[in-house]
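Because the structure is predicted, anything quoted here is derived from the model rather than measured. Residue numbers start from 1 in every chain, and the chains themselves are labelled A, B, ... in the order their sequence lines are given, proteins ahead of strands.
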2 protein chains.
Amino acid sequence: MTTRKEAIVVAAAELFAEKGFSETTTAEVAEQAGVAHGTLFYHFKTKENILLEVFESIMARYQAGMEAAVANAGSGMAAIEALLRFQLAFVEENRQEYLVVLRDFPSYLANSDSPQKAVVQRRLAGVVGVIRQALERGRQDGTIRGDLPVEETAHILRGLVYGLTRHKLLGFLALPPLGEAVVDFCRQALQPAAGA
Amino acid sequence: MTTRKEAIVVAAAELFAEKGFSETTTAEVAEQAGVAHGTLFYHFKTKENILLEVFESIMARYQAGMEAAVANAGSGMAAIEALLRFQLAFVEENRQEYLVVLRDFPSYLANSDSPQKAVVQRRLAGVVGVIRQALERGRQDGTIRGDLPVEETAHILRGLVYGLTRHKLLGFLALPPLGEAVVDFCRQALQPAAGA
DNA sequence: ATCTTGACTGACTGCTCACTCAGTTTTTAT
DNA sequence: ATAAAAACTGAGTGAGCAGTCAGTCAAGAT
């Protein structure tokens, strides 16, 4: 059974994804959820708190998926490839909710120092951490170039994936399907030199 | 001499960069520009039109810079490297105005089909075009792997650069300086195999 | 001197929207 | 059954905001 509170989060995710946070009114969220306007504020103190709940519900699943992908991989390079494929698939399957993350984070909270910001920050740091661990593992088992700066590369990979996803879901330009091209591109950049 | 209209665009760029479009009021823009509130609407029909003017003024310079970087390069690979370095430098030097682009495009106009959208679309397509030409040139002069899918890779590079820039300017996480690491990463991914 | 025009002003308007609260219904405990 | 607590409701409120408009002012043009 779905509680009212869950219904609100689902409705908010749909609308925030479609129109963005600022452009969605609480009245619309209530209507979409089939709930009175006041009920929103019984369950959530503010509109922003609804956004945060949507963010948490998707990011928890996302990070868990990343960790599973890494755990099942046989080498560091395989882990990186698994992460890339997971990302591409996750976005495909959770297009709508993922849009919320892309649209309103981190820009929306950029200039506030609410406790909410700390929650978001922790999540994002977790994601970079998973990538970094995979890179370190690859350096040790020799499937990834030894001269690669790990911290920097982890951020580069995250930036790459983020930018592509953003263009795919929010961009004006039609993108060709990029799945394997991305994996190839990264493999090429990360693998040890042929004659080494 | 700076006209009032220019003063408005400069003020709007500062505020939109700092707080975002939706979170900035026209009254604030007027005050920052040292102009009466009504003057905004004498020069611009709507608030959105001010945003568009800010966008155009920065993107025109940006695209011109990209084209210059490519023109002065001695090979395809050198062109790509020049593009990457240009991007990193441009963002550094135009941090504030570039923030406007990152914050509010393309997400803000995503669901409108105003004529404004077409303007933005043309700009972005132009950027991808410059990258694609550099890649093709590299394939022909042999400085870039021949088996690389050009269209796909152009989008990957744009995504990479966009994602990194966004994290740098808007992100919650402190990034290490990435300049040369990015260039190395891409060179590695693009260069022909050693034994070819 | 008088007229015209274009830049500029700021009080005002009408509307939107997040949030409140006094009251009702439903659930749970005893 | 009864009381108490929790969930829910929706009309209302007040703040904030984009855009308007009647009018001022200064600089040419006649």
Open item on the list: The side chain of A36(B) is closest to which nucleotide in this list: dG10(C), dA18(C), dC8(C)?
Closed with: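 My answer, after comparing the listed nucleotides, is dG10(C).
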TODO: Could you tell me if the ring centre of Y162(B) sits under 6.0 Å from that of Y162(A)?
DONE: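 Y162(B) vs Y162(A): aromatic centres not under 6.0 Å.
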Rounded to whole Å, please give me the gap between [atom1] in [X] and [atom2] in [N].
X: K19(A); N: dT16(C); atom1: NZ; atom2: P; value: 12 Å
X: I8(A); N: dC19(C); atom1: CD1; atom2: C1'; value: 14 Å
X: K47(A); N: dT16(C); atom1: NZ; atom2: P; value: 15 Å

Task: chain B footprint on DNA chain D, 5' to 3' - any atom under 4.0 Å from a heavy atom - done: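 So the contact region on DNA chain D extends dC17(D) to dT20(D).
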Open item on the list: Enumerate the side-chain hydrogen bond (donor to acceptor under 3.5 Å, both in side chains) contacts for residues 125-136 of chain A, please, sequence neighbours excluded, ordered by first and then second residue.
Closed with: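 Sorted result for residues 125-136 of chain A: R132(A)-E151(A).
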Open item on the list: Check this one for me: any side-chain N or O of T39(B) less than 4.0 Å away from OP1 or OP2 of dT9(C)?
Closed with: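 True: T39(B) side-chain N/O within range (under 4.0 Å) of dT9(C) OP1/OP2.
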Open item on the list: Does dG6(C) have OP1 or OP2 under 4.0 Å away from a side-chain N or O of R4(B)?
Closed with: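 So the side-chain polar atoms of R4(B) never come under 4.0 Å of the phosphate oxygens OP1 or OP2 of dG6(C).
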Set of side chain to side chain contact (heavy atoms under 4.5 Å, CB included) partners for [X], sequence neighbours left out:
X: V9(B); answer: F44(B), E53(B), V54(B)
X: S57(B); answer: none
X: Q140(B); answer: none
X: L175(A); answer: H167(A), K168(A), L178(A), H155(B)

For residues 29-39 of chain B, run the donor-acceptor check on the side chains, cut-off 3.5 Å, and write out each pair with its distance to 0.1 Å, sequence neighbours left out.
unit_1	atom_1	unit_2	atom_2	d
Q32(B)	NE2	E14(B)	OE1	2.3
H37(B)	NE2	T26(B)	OG1	2.8
T39(B)	OG1	A36(B)	O	3.3

Please tabulate, one pair per line, each protein N/O and nucleotide N/O from nucleotides 20-22 of chain C that are separated by under 3.5 Å, including the distance.
none

Open item on the list: Can you list everything that forms a salt bridge (Lys or Arg N to Asp or Glu O under 4.0 Å) with R187(A)? Sequence neighbours excluded, please.
Closed with: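 Counting only residues at least two positions away or on another chain, R187(A) forms a salt bridge (Lys or Arg N to Asp or Glu O under 4.0 Å) with E81(A), D184(A).
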